[in-house]
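Written below as structure tokens is the structure these notes are about.
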Amino acid sequence: MSPGLERERGLTMPEKKKLDLERREMPKQAPHIRRHNFCEVAHGYTAELAMAEAQRCLVCKKPPCIVGCPVDNDIPGFVQRIAEGDFAGAIRKLKETNCLPAIAGRVCPQETQCEVKCNLEKKKAPMAIGRLERFAADWEAAQGQVEMPEMRPPTGKKVAVVGSGPAGVTVAGDLAKLGHKVVMYEALHEPGGVLTYGIPEFRLPKQIVRREIDYIRKLGVEVVCNYVVGRTKTMEQLLSSYDAIFLGTGAGLPWFLNIPGENLCGVYSANEYLTRMNLMRGYAYPKSSIPIKRHRHVAVIGGGNVAMDSARTAVRLGAEEVYIIYRRSQQELPARHEEAENAEEEGVVFKYLTLPVRLIGDEDGWLKEIECIRMELGEPDASGRRKPIEVPGSEFRMPMDAVVVALGNSPNPLIPSCTPELKVTEKGTIFVSDFATGKTSMDRVWAGGDVATGAATVIMAMGAGRVAARSIHEYLTGEKLAATTSEVTNS
Ligand code: FAD
């Protein structure tokens, strides 16, 4: 460890006074340019910018940022290494707890997790933890050599991981490091879950997901694609070949509006819209043909990250007008602030307090208009947010040739439907008896990520993966591993 890191954590008063409070902006493509391409919007920090940003860290004696991190990254540990120019040390530190740093650094909602707890938040602006995480991971990739972590000797135990999203990849990586043989089964032809089929290229380039999956392979994990558990093999058959199973099958079943006209041509679920662009290489246009009709007027229904991704994809496909239609106000918008801002800069028009009530088609069955009603906010509902109420007589129509429904998703019922021992909740999520272990109602079966919580975030899925890996390891070997700082503090 470098001398700077050996000293007791915490800056002296004179050091604190000298601190540069200005948060470093990350260079990105200008809106008028990025509207026309699928290349990543943000360019990432240079080494100089990363070091300058990292030097803002207060090196708190009790770092609150770690408590906000579901995978327990030693944030001051890796940030201090960047501050000192020890980039190899920074990525080594990060990988102790996070096998997907380039991804987490790009898509994690840091503003509601680690960064919101940063003590600099009270002074001016929190440290840009995600941007520094991304920098360290990209720096390592640019060196062309990936450092492997310490691996335990083989235990002779075998674990099947079903689903290759962030939950599955995290369990697989952690268990492989602990010496277990892991095979990860994926229904689609490419691994990565939503990271591959959902989040667009301009936010998370596929090459970065592939790089991180390659790292998991280097740890010894075998990845088997085009393998649908529940069809290719049942859970019972898998259990006869493995000591334990982890289910990380996500929430890939889209919700719809259930309004007249939803079956018209030109109406998509966000899942279909984004999967076509991602898995059928629409993002590589003009090198690859576009697997979707080019629409001129597109309305995206919903206000989360999925809605922003769909709207920004429609912009890049050349639509003249793209709307986000959201039934609550801007204040309740669930998307990351940064993503909503990016969408607005790219020309997406936000129609708040608006609810679609009917989709109207032409004689050939193609969508031609959307009918909406205006809303106002009433008393808070069960979610704590003010309930949207229709304003009578305020219906209006807009010409529209595509609607993308981005309201949310539930888990696919396939595995529970052919595995009666596996309990599900009323919401269709797999029942987990204890979220501190990820154990399901079925012996030797664990679950985590969106399939257990309902649609959530990448880092929550990764956190669930870490918890389950520890519990599976304890079951397989009897060894109890320490809980993470964030779990201990939050419990
Ligand atoms: P998933 O990522 O859904 O992976 C599950 C995998 O299991 C899939 O690949 C699926 O094909 C596979 N599978 C399913 N059934 C079977 C079966 N029977 N056999 C074999 N394999 C199976 N979160 C953020 O934190 N930040 C963001 O910016 C963000 N943006 C998002 C944008 C979009 C468009 C979407 C859809 C989600 C976004 N999220 C974001 C949410 C986040 O991606 C998810 O919470 C996260 O991916 C859940 O991880 P998971 O591993 O549980 O499941």
Side-chain angles (χ1 to χ4, degrees), residues 70 100 103-113 130 160-172 183-200 203-204 209 213 223-235 238 245-254 269-275 277-279 300 302 304-313 334-336 338-340 342 404 406-419 429-430 438 447-465 468:
L100 304 174
I103 293 170
R106 282 172 167 80
V107 303
C108 256
Q110 291 99 7
E111 63 280 6
T112 56
Q113 293 181 328
V161 170
V162 186
S164 63
V169 166
T170 304
V171 173
V183 181
M184 189 160 68
Y185 293 102
E186 168 55 51
L188 298 172
H189 62 269
E190 269 209 55
V194 169
L195 307 174
T196 297
Y197 79 76
I199 303 182
R203 218 153 57 81
L204 180 61
V209 182
I213 301 273
V223 182
V224 181
C225 290
N226 297 311
Y227 195 107
V228 184
V229 173
R231 283 277 183 278
T232 319
K233 270 198 180 159
T234 62
M235 287 288 286
L238 271 194
I245 296 181
F246 174 80
L247 294 175
T249 45
L253 194 70
S269 70
N271 256 33
E272 179 189 346
Y273 194 71
L274 294 172
T275 303
M277 290 306 293
N278 284 319
L279 284 187
V300 177
N305 288 321
V306 184
M308 300 307 135
D309 285 346
S310 306
R312 296 173 70 198
T313 296
R336 290 187 72 188
E338 189 179 333
E339 299 311 336
N342 279 334
V404 181
L407 294 177
N409 292 303
S410 306
N412 189 307
L414 174 66
I415 293 179
S417 69
C418 57
T419 319
T429 53
I430 291 183
D450 283 5
V451 75
T453 54
T457 61
V458 170
I459 201 74
M460 295 304 284
M462 290 172 66

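In listed order, ligands and their atoms are each counted from 1. Positions are given from 1 along the sequence.
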Measure the CG-CZ distance between L100 and R106 for me, rounded to the nearest 0.5 Å.
12.0 Å

For A455 and ligand 1, answer yes if some heavy atom of the residue is under 4.0 Å from a ligand atom, otherwise no.
no

Heavy-atom gap L188 to ligand 1 smaller than 4.0 Å:
yes

I need the contact type for A187 against ligand 1. Using non-hydrogen atoms and a strict under-4.0 Å cut-off, is it side chain, backbone, both or neither?
both

contact_flag G230 ligand 1 heavy-atom lt 4.0 Å:
no

Which one of L253, V162, D450 has a non-hydrogen atom at the shortest distance from atom 52 (O) of ligand 1?
D450

What is the closest protein heavy atom to atom 38 (C) of ligand 1, and at what distance does it sit?
V194 CG1, 4.0 Å

Which option, E190, E339, E186, owns the non-hydrogen atom nearest atom 10 (C) of ligand 1?
E186

Looking at ligand 1, is there an atom of it that comes within less than 4.0 Å of some heavy atom belonging to G248?
yes

Check: of A251, G408, A167, min heavy-atom distance to atom 51 (O) of ligand 1 comes from A167

To atom 42 (C) of ligand 1, the nearest of V107, V458, V229, N271 on a heavy-atom basis is V458

Has M460 got any heavy atom lying under 4.0 angstrom from an atom of ligand 1?
no

Ligand 1 N/O within reach of V228 N/O, cut-off under 3.5 Å
no

Heavy-atom proximity to atom 14 (C) of ligand 1, picking from I199, V169, T249, points to T249

When you look for heavy atoms under 4.0 Å from ligand 1, do you find them on the side chain of R231, its backbone, both, or neither?
neither

